[in-house]
Number of protein chains: 2
Amino acid sequence: MLNYTTSEENYIKAIYRLQSADGMVTTNELAAEIQAKPASITDMMKKLKAKKLLNYQPYQGFRLNAEGFKVALMIVRRHRLWEFFLAEKLKFTWDEVHEVAEELEHVSNKKLIDKLDEYLGFPRKDPHGDPIPDANGKIEISKKICLSELPLNTIAVVASVGDQSSEILELLEHKKIAIGTKLEVKKKFEFDNSIEIKINRHPILTISEQLAKNIFVNYGE
Amino acid sequence: MLNYTTSEENYIKAIYRLQSADGMVTTNELAAEIQAKPASITDMMKKLKAKKLLNYQPYQGFRLNAEGFKVALMIVRRHRLWEFFLAEKLKFTWDEVHEVAEELEHVSNKKLIDKLDEYLGFPRKDPHGDPIPDANGKIEISKKICLSELPLNTIAVVASVGDQSSEILELLEHKKIAIGTKLEVKKKFEFDNSIEIKINRHPILTISEQLAKNIFVNYGE
DNA sequence: TTATTTTTTTAGCTTTGTCTAAATTTATTT
DNA sequence: AAATAAATTTAGACAAAGCTAAAAAAATAA
């Protein structure tokens, strides 16, 4: 496994994020994700193709090959271990953690990451509920869906919030729902698509359809 | 305090290291320190002068001004806190620590460093005995000298080794002297300039002049 | 099927940080 | 004080990673 520049790593990570099981990633999609112009994407795709990290035919989109995928998983591993460290040990709140981890993830010393992993007790998931790949790149599958699609009586972890407005944050704070909160859906009402959820031993909470569609959760082994 | 590139930070750090209380740093000196060509140094000095971090007149050498000094201290702070973390928490050995800290030191999030400092218990010195600047850039003075110059009965900490040959490392290992070892000189012999030192409650050790000249220690408040 | 729109790529420019080779300034000798 | 040597700076080139504007290809509409 060679070393890649911060910029290359950011492209690889973004493609990993965008590429679903089947589809190709397009130039414009990636440009939007990475906040760059399409021309810059084309340049980098040529470079990553030359480094044999992805399949790319002009005008046909691209996707990571096996090697690119492995590299992506190591970047994700670094990111999520640092996130865990920042929250668990340095007591950062979960909304602050991502930004700092974006920087730390590019320090690519393998021994550092493996020792950090050990120090943290080999965590399998970060507190968003996102799985952390192990030193060999093995990763548990877990699905991220919106709360309105969560099956009844399935414990899930709040991973992110769609709308980031202060209004929704106020409401979430009031209901004591934050990133990392474990919850399960106890009832669904067809009339208004509202749901009732349970958090630990707290009283039942009612969530409107609108709110449920803006809360994304992780669940599964 | 603005943000600087990794490259700028490496130059600032190196100038800080080279500039003694009085003197100017020269182009060639810095080129040797940083492993770059003199022409590259000149380029960067123009840039850092434009950013008002140092005094520089062509052909006359340069030195950090008050602002540059402050920036340097923050870089040193980050470096030494990461070193402390790597040794203390991740159980890196002291010879591995420097290289990794060279990378981590450029992650310049202020809150990260202040929280790391707190997490580590606000250490005042790294295990080389080098002082760690606090969040305001305050730093304890401590002198680094070679063991043969250390006054009698003064506790000091082994900070570095001059010669890095396997022969000296073998000898140091045999005598159980490592970076971070606390010791004091108990006797000096004029005949061959050999010295006798004491480490904690261990028996007295004899050190030859040749060896003493290759062991550098930190001492003082 | 042709025309139009959208997407993607190409061509060429910019900045950062490096380099080499040549020119210039300062220091050292004779 | 000239001549020579050493140190430093300038000039010009290059690679990385971004950009804009124009060209080309693909997709969509008429």
Side-chain angles (χ1 to χ4, degrees), chain A residues 2-16 18-20 23-64 68 71-72 75 102-103 105-108, chain B residues 2-16 18-20 23-64 68 71-72 75 102-103 105-108:
Chain A
L2 298 172
N3 274 333
Y4 301 98
T5 66
T6 294
S7 190
E8 288 169 342
E9 289 191 346
N10 283 334
Y11 278 84
I12 294 165
K13 201 177 41 152
I15 298 169
Y16 173 83
L18 292 175
Q19 102 182 8
S20 49
M24 286 287 190
V25 180
T26 70
T27 303
N28 272 358
E29 260 181 287
L30 185 53
E33 178 77 13
I34 247 175
Q35 310 260 61
K37 302 296 165 185
S40 308
I41 305 299
T42 301
D43 287 347
M44 186 59 93
M45 292 311 99
K46 286 185 197 162
K47 198 170 152 195
L48 295 181
K49 185 189 183 179
K51 296 196 176 187
K52 301 193 192 304
L53 294 175
L54 47 74
N55 301 115
Y56 165 57
Q57 291 302 110
Y59 297 104
Q60 311 296 226
F62 33 80
R63 77 201 281 35
L64 298 173
V71 173
I75 302 168
E102 286 288 300
E103 289 200 63
E105 72 185 3
H106 300 296
V107 176
S108 68
Chain B
L2 298 171
N3 275 332
Y4 301 98
T5 66
T6 293
S7 190
E8 288 169 341
E9 288 191 347
N10 283 334
Y11 277 82
I12 294 166
K13 201 178 37 153
I15 298 170
Y16 173 83
L18 292 175
Q19 100 183 11
S20 51
M24 286 287 191
V25 180
T26 70
T27 302
N28 274 359
E29 262 180 286
L30 186 53
E33 179 76 14
I34 248 174
Q35 310 259 63
K37 302 297 165 186
S40 309
I41 306 298
T42 301
D43 287 347
M44 186 59 93
M45 291 311 99
K46 286 185 197 163
K47 198 171 153 195
L48 295 181
K49 186 190 182 180
K51 293 197 177 188
K52 300 193 192 305
L53 294 175
L54 47 74
N55 301 116
Y56 165 57
Q57 291 302 112
Y59 298 102
Q60 310 296 236
F62 32 80
R63 77 198 312 319
L64 298 173
V71 173
I75 302 167
E102 286 288 299
E103 290 200 63
E105 74 186 3
H106 300 296
V107 175
S108 69

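Excluded from the calculations below are hydrogen atoms, water molecules and symmetry mates; all remaining heavy atoms, backbone and side chain alike, are included. Predicted, not measured: the structure shown is a model, and the values here were computed from it. Quick note on labels: first sequence line is chain A, next is B, and so on, each numbered from 1.
- With sequence neighbours excluded, the residues that form a salt bridge (charged side-chain N to carboxylate O under 4.0 Å, His left out) with A:K51 are A:E8.
- Atom CG in A:L30 sits about 11 Å away from atom P in D:dG18, given to the nearest Å.
- Using a 4.5 Å heavy-atom cutoff, the side chains of B:E103 and B:T6 are not in contact.
- Within the structure, every side-chain polar atom (N or O) of B:N28 is placed at least 4.0 Å from both OP1 and OP2 of D:dA6.
- Side-chain atoms of A:H106 and B:H106, non-hydrogen and from C-beta on, never get closer than 4.5 Å to each other.
- Distance B:K49 NZ to D:dT8 C1': 15 Å, rounded to the nearest Å.
- Shown for residues 34-45 of chain B: residues whose heavy atoms fall under 4.0 angstrom of DNA chain D, namely B:P38, B:A39, B:T42.
- A:Y56 comes within 4.0 angstrom of the backbone, heavy atoms only, and of no base.
- Scored by the side chain to side chain donor-acceptor pair (under 3.5 Å) test, A:T26 finds A:E29 as partners (sequence neighbours excluded).
- In the region residues 5-13 of chain A, proximity to DNA chain C at under 4.0 angstrom, judged on heavy atoms, holds for none of the residues.
- Partners of A:Y4 by ring pair (Phe, Tyr, Trp, His ring centres under 6.0 Å), not counting sequence neighbours: none found.
- The closest side-chain heavy-atom distance from B:Y16 to B:L64 is below 4.5 Å.
- Separating the CD atom of A:Q57 from the P atom of C:dT9 is a distance of 11 Å, rounded to the nearest angstrom.
- Within the 4.5 Å cutoff, the side chain of A:F62 has heavy atoms near those of the A:L30 side chain.
- The CD1 atom of A:I15 sits 9.0 Å away from the CG atom of A:L53 when rounded to the nearest 0.5 Å.
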Return a table of donor-acceptor pairs under 3.5 angstrom between the side chains of residues 32-45 of chain B and protein atoms on other chains or two or more places apart.
residue : atom : partner : partner atom : Å
B:E33   : OE2  : B:R17   : NH1          : 2.2
B:T42   : OG1  : B:P38   : O            : 3.4

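- Residues meeting the side chain to side chain donor-acceptor pair (under 3.5 Å) test with B:K46, sequence neighbours left out: none.
- Between the NZ atom in A:K13 and the CD1 atom in A:I75 there is a gap of 7.5 Å [rounded to 0.5 Å].
- Under the side chain to side chain donor-acceptor pair (under 3.5 Å) criterion, B:Q57 pairs with B:K49, sequence neighbours left out.
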Show me the protein contacts with nucleotides 13-15 of chain C, counting only N or O atoms at under 3.5 Å.
none

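- In this structure, the side chain to side chain donor-acceptor pair (under 3.5 Å) partners of A:S108, at least two apart in sequence or on a different chain, are A:N3.
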Below 3.5 Å is the cut-off: list the nitrogen or oxygen pairs between protein and nucleotides 24-26 of chain D, distance only.
residue : atom : partner : partner atom : Å
D:dA25  : O4'  : A:Y59   : OH           : 3.4

